[in-house]
2 protein chains.
Amino acid sequence: MELTPAEENYLKGIYGLEASGISPISTNELADLMQTKPASVTDMLKKLARKGMISYVRYQGVHITSAGKKKALEITRRRKLWEVFLVEKLRLHWDELAGLSDALEHISSPLLIQRMDEFLGYPKFDPFGDPIPNEYGEISSKPRVPVLELKIEQSAKIIAVSDNSSSFLKYLDKAGLFIGAKVLVLDKVDFDGSMELLVENKKRLFISKEVAANILTLPF
Amino acid sequence: MELTPAEENYLKGIYGLEASGISPISTNELADLMQTKPASVTDMLKKLARKGMISYVRYQGVHITSAGKKKALEITRRRKLWEVFLVEKLRLHWDELAGLSDALEHISSPLLIQRMDEFLGYPKFDPFGDPIPNEYGEISSKPRVPVLELKIEQSAKIIAVSDNSSSFLKYLDKAGLFIGAKVLVLDKVDFDGSMELLVENKKRLFISKEVAANILTLPF
DNA sequence: AGTATTTTTTAGCCATGACTAAATATATTT
DNA sequence: AAATATATTTAGTCATGGCTAAAAAATACT
């Protein structure tokens with residue numbers, strides 16, 4: 001079943017909310033997420049339900065179906081492969097991706113995606129460290145520990161960020177933090193949860209609790 | 001002035017007709033080209049005129065403005081750069097490009113296009129041998145002689161095709177003809193205009209007048 | 001339980017880009 | 001020059017994806 005770009009965007013949103021444990025999803029939550037009005041959401045839910053992507057009962061909220069889940073993973077795969085391309089091949093910057101991947105992820109061509117995957121060397125993670133679903137929608141995942149949960153003296157490698165907002169990404173860049181960077185916890189301040197890190201064995205850096213919670217690592 | 005994808009497609013069509021000498025362009029011609037109805041064309045012409053892309057007088061047909069020309073060249077540039085990418089990097093085939101470039105050419109991002117140009121090594125021609133406008137809309141062109149106009153014993157290199165239809169491209173592929181191939185005219189049949197060629201110094205090939213007219217060469 | 005509040009849906013409208021059918025302008029023919 | 005034919009435009013309709021305002025359902029409160 002073919003979806004319009006708008007339908008695909010809603011489906012991504014529904015999948016994301018459901019994956020983060022919110023279930024059933026309310027019309028208002030979805031309206032909030034999609035930056036639109038509840039009345040528009042109701043319209044769209046009817047369309048997605050008619051196409052078998054969600055199960056939707058009036059006033060009872062939304063659940064994604066397995067067909068919907070599969071489609072959402074397909075869209076996510078397209079988006080993330082494009083993101084890898086934009087960063088690795090075109091040398092775009094973290095915070096320059098959003099608008100472009102929003103457009104590119106809706107181009108539906110199995111051939112294109114298969115070739116792109118091959119061209120990129122079958123990447124397993126996007127530039128933010130999130131896993132890329134394979135062509136069957138399977139996700140290979142590693143344990144991810146927020147910097148905030150690391151102990152003093154513990155070392156880890158940054159493997160992902162859990163906030164893709166432009167302001168956060170710009171901050172990380174300026175602070176010298178990136179996917180793959182090694183960090184060592186020098187100090188934790190109990191009072192406010194802030195931390196002092198040693199980045200790449202050379203640079204000392206203070207970060208707030210909020211920042212520490214959004215940087216995900218693989219501990220050594 | 002931002003154009004919708006539909007407006008961009010019409011503008012490309014208008015530019016193409018005008019470049020091929022048809023001027024002013026009639027509503028019917030455009031409807032024919034765009035595979036739509038004259039009434040829809042009239043609607044669209046009003047929109048494009050309001051946006052300064054064309055000059056349009058009721059019942060008098062269409063002329064493209066310099067702003068429209070510039071925009072059309074920009075869209076063409078985007079398309080052709082994507083086509084180079086799809087063929088050179090993703091190893092797609094001539095006849096697999098159409099649908100994809102139709103979608104990709106509407107993604108408007110100067111940064112993306114600039115980086116893509118750089119990544120591809122500033123290509124001057126698309127996979128069909130047509131020149132790619134530079135960022136100022138300038139086109140570098142070479143003389144192009146249809147195979148049909150070559151004389152017996154004359155050698156030339158295939159540099160372009162003037163018909164991008166899937167059926168023609170598949171035929172060329174099957175016949176072993178491609179951009180860059182060397183051809184030598186062995187014989188010309190006056191009666192029907194058909195020709196016999198020697199391709200790449202090894203393979204003999206008979207082609208019809210229609211085919212010969214649509215293969216463009218740079219004679220040695 | 002009965003009222004008040006919040007959430008959700010319905011109803012009706014807007015713009016885009018298509019369409020058909022009817023009206024009008026231009027071209028051609030006699 | 002008038003009649004006919006062709007081309008083009010207008011008017012009204014449809015689907016998509018938004019919106020607002022009003023109605024209806026679910027939830028919360030006294």
Q) What is the distance from CD of A/Glu29 to C1' of C/dT6, rounded to the nearest Å? A) 14 Å
Q: Heavy atoms only: give me the nearest A/Ala72-A/Leu11 pair and the separation to one decimal.
A: N-CD2, 4.1 Å
**Q.** A/Lys69 NZ: over 12 foreign heavy atoms closer than 6.0 Å
**A.** no
Q) Do B/Lys47 and B/Glu7 meet the salt-bridge criterion of a basic N to acidic O distance under 4.0 Å? A) no
Q | 5' priority, DNA chain D, between A/Lys37 and A/Glu7 [closest heavy atom] | A | A/Glu7
Q: Ignoring backbone atoms, establish whether B/Thr36 has a side-chain N or O less than 4.0 Å from OP1 or OP2 of C/dG17.
A: no
**Q.** Cation-pi check, A/Lys89 onto A/Phe119 ring (under 6.0 Å, within 45° of axis)
**A.** yes
(Q) It should be established whether B/Tyr59 places a side-chain nitrogen or oxygen under 4.0 Å from OP1 or OP2 of nucleotide D/dT10. (A) no
(Q) What I want to find out is whether A/Arg79 reaches A/Asp130 closely enough, with some N-O distance under 4.0 Å, to be called a salt bridge. (A) no
Q) In residues 38-52 of chain A, which residues come under 4.0 Å of DNA chain C by heavy atom? A) A/Pro38, A/Ala39, A/Thr42, A/Lys46
Q) Just to confirm, is there a sub-4.0 Å distance from OP1 or OP2 of D/dT8 to any side-chain nitrogen or oxygen of B/Asn28? A) yes
Q: Say whether B/Ser26 and B/Asn28, considering side chains only, have a donor N or O and an acceptor N or O under 3.5 Å apart.
A: no
(Q) In this structure, how many angstroms lie between the C1' atom of D/dT16 and the CG atom of A/Asn9, rounded? (A) 14 Å
Q: Considering just the side-chain nitrogens and oxygens of B/Tyr56, establish if one lies under 4.0 Å of OP1 or OP2 belonging to D/dT8.
A: no
(Q) Is B/Arg58 close enough to C/dT24 that one of its side-chain N or O atoms is under 4.0 Å from OP1 or OP2 there? (A) no
Q. C/dT8 P sits how many Å from A/Leu30 CG, rounded?
A. 10 Å
